[in-house]
Amino acid sequence: MGYNPPPEAVMALPYDPQHFEAKWQEIWAREGFASVDTAGEKDLYMLMMFPYPSGDLHVGHGRNYILGDCMFRLFLQQGRRVLNPMGWDAFGLPAENAAIKNNTHPREWTVRNIGRMKDQFRRWGILYDWDKELASCEPEYYRWNQWFFNRLLDKGLAYRGSSPVNWCPSCQTVLANEQVKDGGCERCRTPVHQRELEQWFFRITEYAERLLEGLDRLPNWSDKVKTMQRNWIGRSEGCDVRFRLEGTDEPITIFTTRVDTIYGATFMAIAPEHPLAERCRATAPDADYGAFLDRLRNQTRLQREAEGGEKEGRFTGAYAVNPFNGERLPIWVANFVLMEYGTGAIMAVPAHDERDFAFATRYAIPIRVVIAGAGMGADTVLAEAYTGPGTVVNSGPFDGLASEVSKTEMGIYAEQRGFGKRIVRYRLRDWLISRQRYWGTPIPVVYCDRDGIVPIPDAQLPVVLPTDIRFGEVEGNPLAHSPSFLAATCPRCGGPARRETDTMDTFVDSSWYYLRFVNPHVHDRMLDAERVKGWMPVDLYIGGIEHAILHLMYARFFYKVMHDFGMVPNDEPFQVLFNQGMITAFSERTGKIEKMSKSRGNVVSPDALIARFGADTERVYTLFMGPPEKEVEWSDEGVAGAYRFLQRVWGLQDVVAAAANQPGGPEADEKLRVATHRAIRKVTDDLSRYHPNTAIAALMELCNSISDWQSKASGEVVREAYEALLKLMHPMAPHTSEELWQLLGHPQSLLRSGWPTYDAELLARQTVTVAVQVNGKMRTTVDLEPGASAAVATAAAREAAAKWLGDKEVVKVIHVPDRMVSFVVKG
RNA sequence: GCCGGAGUGGCGGAAUGGCAGACGCGCGGGACUCAAAAUCCCGUAUCCGCAAGGGUGUGUGGGUUCGACUCCCACCUCCGGCACCA
């Protein structure tokens, strides 16, 4: 059996995707398959994370968009009304750096790249509703960043504050905590420095609890992303306790999660940046105290981490009084206490905290057990800190309580006496949005000598980026050197004012673009309440895992704020989140398998690939490589396999034509029909759970079945199989399937030809192969009618397994209908 | 250290607790060809065996079960995140 080539005369042309791919791209665009009027009823809103228009797309980028297009086409074939827009995250540093390098304007570079990328999408056969296209660098878009900034300001959710911030000397700007990775700038890896600066913040900490709680209502987000966000938010329950600075009435507050150990505190430790540390400069006993402080404060995060947890400190000379027992505790400055977390001061309990233990050991500070675990007593000498639970000892009135109980009791005690408070703290910091760069949304405020910080009234928005800027001529932010931009009028008093020259973090843009897509042509307001109510939330959001914290947390924050403002109908923007894995490749330069990137020299360009094999080959291969959520390595051999598959499908048109009038036979017809309908069932199921890889495997099997039965089945059945194959493969290989569909004589696009349904009755009446086990070992199989009774199945299985059963006693028979029969025998 | 995910042929990978290795790549053999490429057909976990057949196999060790890649416990390795967070 196999491929019997039909006579030369009727042979179709060889598979040549160059010949028809562009044609179909044009037809799809012209017919407007992707356009949706959002004034109408919502069916489904799907979205890919909008890209930064960097210009060069490689096959690794393709994965995201190809997967999305595959799902989109499936939905369209199934007759659904789907909003699937695309836009550009168009502000950002690369454009500005390119402008400096080439002496152009960031806009030119950006617009050119957008053009290139749109063209790339088209050549991949990817459809979007381009009528909804937006670019965040357009005043039409970013004016709403400014408008929303004003709303945040109204509610006290935007504020200007001073705090130690991360400064990247290479990018010449500050960064949010979320944008610092391993102590370096996430973009350029330059170590960041801490600087005390006045900057604009969004009060995301106000929403910490709700950001945390909301995660529980997102069953269709991966645990990975949710865990990352939970870690980032870093909730911990504890107690603030107010100590007194000895010899004064001055309080010094610490935060602890282990108030149950407070009788074991033998010293207090404060961060080098703590105000008290500075005040003790003159009186501290160690001569190098001041130098020590300066050294710690000037350390970068990276340097601090490089010290590998080595505990170091100096005695300040001051003492704190423990409000629980009146004991005086020496106050030390310690390198392991962070000013950013809690109050920047801790009570140190060496017996029950590893860090405190290490520090106390080094500086010969007493260690006092107050929690006795199993086998421990009040006088146990510890070789290491005991951090587990136990019975409270050496703790006055609390002795004998279980540590968990005393944690609550002591908290209540402190509250009643007025020197403490049970409290929840978070690791999450407020979102620093100021950037000292040009290519971003101007922060809409002015500084007036008389009125101070004055926001630009809504009616005067947008504050537009000036265009008379020469790039590369001055250090730092060119806005700060633009006299026309700087000079402003105070909206309040009409006097002269200086305009804010910082721009907004580009993550502000991406925090709400998915809302603008619903009403991109509404010009008098940010959002159209009706349409937003109709279409939000996004049902399916596809993007890379690299945004697990940054974009996805900021967007959730914005959405919750908007919910509180009554602007959106619910409080989580993305129902289902699908994170596709990276495509990697071997890099000659580094000798490793790594993420594709220009700098690693391991990119595969889609241009050459499309020129040689066509876009469908790249699509099929990309989807076939492995499950889309996993990381996979690109292989040129694998591409050839995808090409071969498409070629075989193409070649089958001759087979179908040759079989057209043949009568077939009942057995062959049934066999091929079963193969066809099983494929329909499997492809439908697999695609709906985002497994295009196994869906393609099923298509390959159907293709093999058609080859196998083409000469024996009737022309009608062969054609049915082939038409199903074309419909089923359309989401993965849209050009090839459309062309073949048309060659079969169908005037309508596959996008309007429906999705096949399978004949459940046909599949249900097929004989089933039932496994036969003896003592748990798989021995043989029997073919049975579906739904065979236990008696029938057991009898057949007993006969088939006679060889293994012999005359042994059958103790038990387990029958799983249509699956297996298992004998348990004795002896 | 804590949290999440993963470990299956030469490779990418399939398998609601019920025939492990679908499908593809690669490799071997064959057909076609003067020859090669392309294409098509057959084979391809491993060990014993000419074969029929049988043994062993899903990171390691235990457990639950008639039956475990799948569930439970302990451990190892890799990937990702957080990390002196009090």
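So you know, we letter chains A, B, ... as the sequences are listed, proteins then strands, and number each from 1. All values below were derived from every heavy atom in this structure, side-chain atoms included, with hydrogens, water molecules and symmetry-related copies excluded.
Nucleotides G5(B) and C72(B) are separated by 11 Å at their P atoms, to the nearest Å. Taking atom P in both G43(B) and A37(B), the straight-line distance is 22 Å, to the nearest Å. For the P atom pair drawn from G62(B) and G57(B), the interatomic distance equals 12 Å after rounding to whole Å. Comparing G29(B) with A15(B), their P atoms sit 33 Å apart, to the nearest whole Å. Separation of the C1' atoms belonging to G10(B) and G80(B) is 28 Å when rounded to the nearest angstrom. Rounded to whole Å, the separation between the C1' atoms of G59(B) and G55(B) comes to 22 Å. For C40(B) and U8(B), the P atoms lie 31 Å apart once the distance is rounded to whole Å. Look at the P atom in both G9(B) and U60(B): the space between them is 10 Å, to the nearest Å.
Taking 4.5 Å as the limit, every side-chain heavy atom of V718(A) sits out of range of all side-chain heavy atoms of W709(A). Side-chain contact between L699(A) and F645(A) is present, with heavy atoms from C-beta onward closer than 4.5 Å. Within the 4.5 Å cutoff, side-chain heavy atoms of F243(A) are placed close to those of L329(A). When side chains are defined from C-beta on, V259(A) does not count as touching R422(A), because their heavy atoms never get closer than 4.5 Å. Using a 4.5 Å heavy-atom threshold, the side chains of K671(A) and D708(A) count as separate. Side-chain contact check for K421(A) versus R242(A): every heavy-atom pair is 4.5 Å or farther apart.
More than 12 non-hydrogen atoms from other residues, nucleotides or ligands lie less than 6.0 angstrom from CZ of R362(A).
With hydrogens and angles ignored, the 3.5 Å screen pairs no side-chain donor or acceptor of D356(A) with any backbone N or O of A385(A).
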Dot-bracket encoding per residue of RNA chain B, Watson-Crick/G-U cut-off under 3.5 Å, | denoting interstrand | (((((((..(((.....[....)))((((((.......))))))((((....))))..(((((..]....))))))))))))....
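Heavy atoms of W804(A) sit under 4.0 angstrom from primed sugar atoms or phosphate atoms, though from no base atom. Here Q647(A) lies in heavy-atom contact (under 4.0 Å) with sugar-phosphate atoms only. Using a 4.0 Å heavy-atom cutoff across all strands shown, V824(A) reaches sugar-phosphate atoms only and no base atom. Counting any heavy atom pair closer than 4.0 Å across all strands shown, G234(A) reaches no nucleic acid atom. M820(A) comes within 4.0 angstrom of a base, heavy atoms only. Contacts of S822(A) with the nucleic acid, taken as non-hydrogen atoms under 4.0 Å apart, include base atoms. Within 4.0 Å (heavy atoms only), R648(A) reaches sugar-phosphate atoms of the nucleic acid but no base atom.
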Without placing hydrogens or testing angles, list every side-chain donor-acceptor pair under 3.5 Å for residues 225-232 of chain A, not counting sequence neighbours.
| residue | atom | partner | partner atom | Å |
| --- | --- | --- | --- | --- |
| K226(A) | NZ | L218(A) | O | 2.8 |
| T227(A) | OG1 | D223(A) | O | 2.6 |
| Q229(A) | OE1 | R556(A) | NH1 | 2.7 |
| Q229(A) | NE2 | A548(A) | O | 2.8 |
| R230(A) | NH2 | D216(A) | OD1 | 3.1 |
| W232(A) | NE1 | E178(A) | OE2 | 2.9 |

Identify all side-chain donor-acceptor contacts of residues 782-800 of chain A below 3.5 Å with residues at least two apart in sequence or on another chain.
| residue | atom | partner | partner atom | Å |
| --- | --- | --- | --- | --- |
| D783(A) | OD1 | T769(A) | OG1 | 3.0 |
| S789(A) | OG | V792(A) | N | 3.2 |
| T794(A) | OG1 | A790(A) | O | 2.6 |

Can you list, pair by pair, the side-chain donor-acceptor contacts under 3.5 Å of residues 634-642 of chain A, counting residues two or more places apart and other chains?
| residue | atom | partner | partner atom | Å |
| --- | --- | --- | --- | --- |
| W634(A) | NE1 | D636(A) | OD1 | 3.2 |
| S635(A) | OG | E637(A) | N | 3.4 |
| S635(A) | OG | G638(A) | N | 2.9 |

Output a table of nitrogen or oxygen pairs between the protein and nucleotides 44-47 of chain B separated by less than 3.5 Å.
none

Report each atom pair, protein N/O against N/O of nucleotides 4-12 of chain B, whose distance is under 3.5 angstrom.
| residue | atom | partner | partner atom | Å |
| --- | --- | --- | --- | --- |
| G12(B) | O2' | M625(A) | O | 2.7 |

Output a table of nitrogen or oxygen pairs between the protein and nucleotides 26-29 of chain B separated by less than 3.5 Å.
| residue | atom | partner | partner atom | Å |
| --- | --- | --- | --- | --- |
| G26(B) | OP2 | R644(A) | NH2 | 3.1 |

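Contact annotation: R819(A) side-chain N/O to G67(B) OP1/OP2 distance is not under 4.0 Å. For G18(B), neither phosphate oxygen OP1 nor OP2 lies less than 4.0 angstrom from any side-chain nitrogen or oxygen of Q773(A). Applying the 4.0 Å criterion to OP1 and OP2 of G24(B), one finds that N704(A) has a side-chain N or O inside that range.
Residue whose closest nucleotide on RNA chain B sits further toward the 5' end, between V774(A) and A345(A): V774(A). Comparing K803(A) and A698(A) by the nucleotide of RNA chain B that holds the closest heavy atom to each, the one mapping nearer the 5' end is A698(A).
Relative ring orientation between H551(A) and H547(A) is described as perpendicular, the plane-to-plane angle rising above 60° on a 0-90° scale split at 30° and 60°.
Taking the six-membered ring for Trp, F267(A) and Y363(A) have ring centres at least 6.0 Å apart. Ring pair W804(A)/F823(A): centre-to-centre distance not below 6.0 Å.
In this structure, R798(A) places its CZ atom 18 Å from P of C66(B), rounding to the nearest Å. In this entry the distance linking CE of M700(A) with C1' of G13(B) reads 12 Å, nearest Å. What separates CE of M582(A) from P of G80(B) is a distance of 8 Å, to the nearest Å. Between the CH2 atom of W232(A) and the C1' atom of G80(B) there is a distance of 15 Å, given to the nearest Å. Summarising the geometry, the separation between CG on L296(A) and P on C84(B) is reported as 14 Å, rounded to the nearest angstrom.
In this structure E404(A) satisfies the salt bridge (charged side-chain N to carboxylate O under 4.0 Å, His left out) test together with K407(A), sequence neighbours excluded. Shown here are the side-chain contact (heavy atoms from CB on, under 4.5 Å) partners of P389(A), two or more places apart in sequence or in another chain: Y386(A), S403(A). The ring-ring contact (aromatic ring centres under 6.0 Å, His included) search around F613(A) returns Y643(A), not counting sequence neighbours.
Here the CD atom belonging to Q580(A) is positioned 4.0 Å from the CG atom belonging to N64(A), to the nearest 0.5 angstrom. With rounding to the nearest 0.5 angstrom, the CG atom of L296(A) is 7.0 Å from the CG atom of L293(A).
For the segment residues 685-697 of chain A, the set of residues with a heavy atom within less than 4.0 Å of an atom of RNA chain B comprises R689(A), N693(A), T694(A), A697(A), in numerical order. Scanning residues 777-787 of chain A for heavy-atom distances under 4.0 Å to RNA chain B yields K777(A), M778(A), R779(A), T781(A).
Checked by atom type, the side-chain pair Y263(A)/S406(A) shows no donor-acceptor distance below 3.5 Å.
More than 90° away from 0 lies the glycosidic angle of G28(B), which makes this nucleotide anti.
Between K224(A) and E629(A), none of the side-chain N atoms (NZ, or NE/NH1/NH2) sits under 4.0 Å from a carboxylate O, so this pair counts as no salt bridge.
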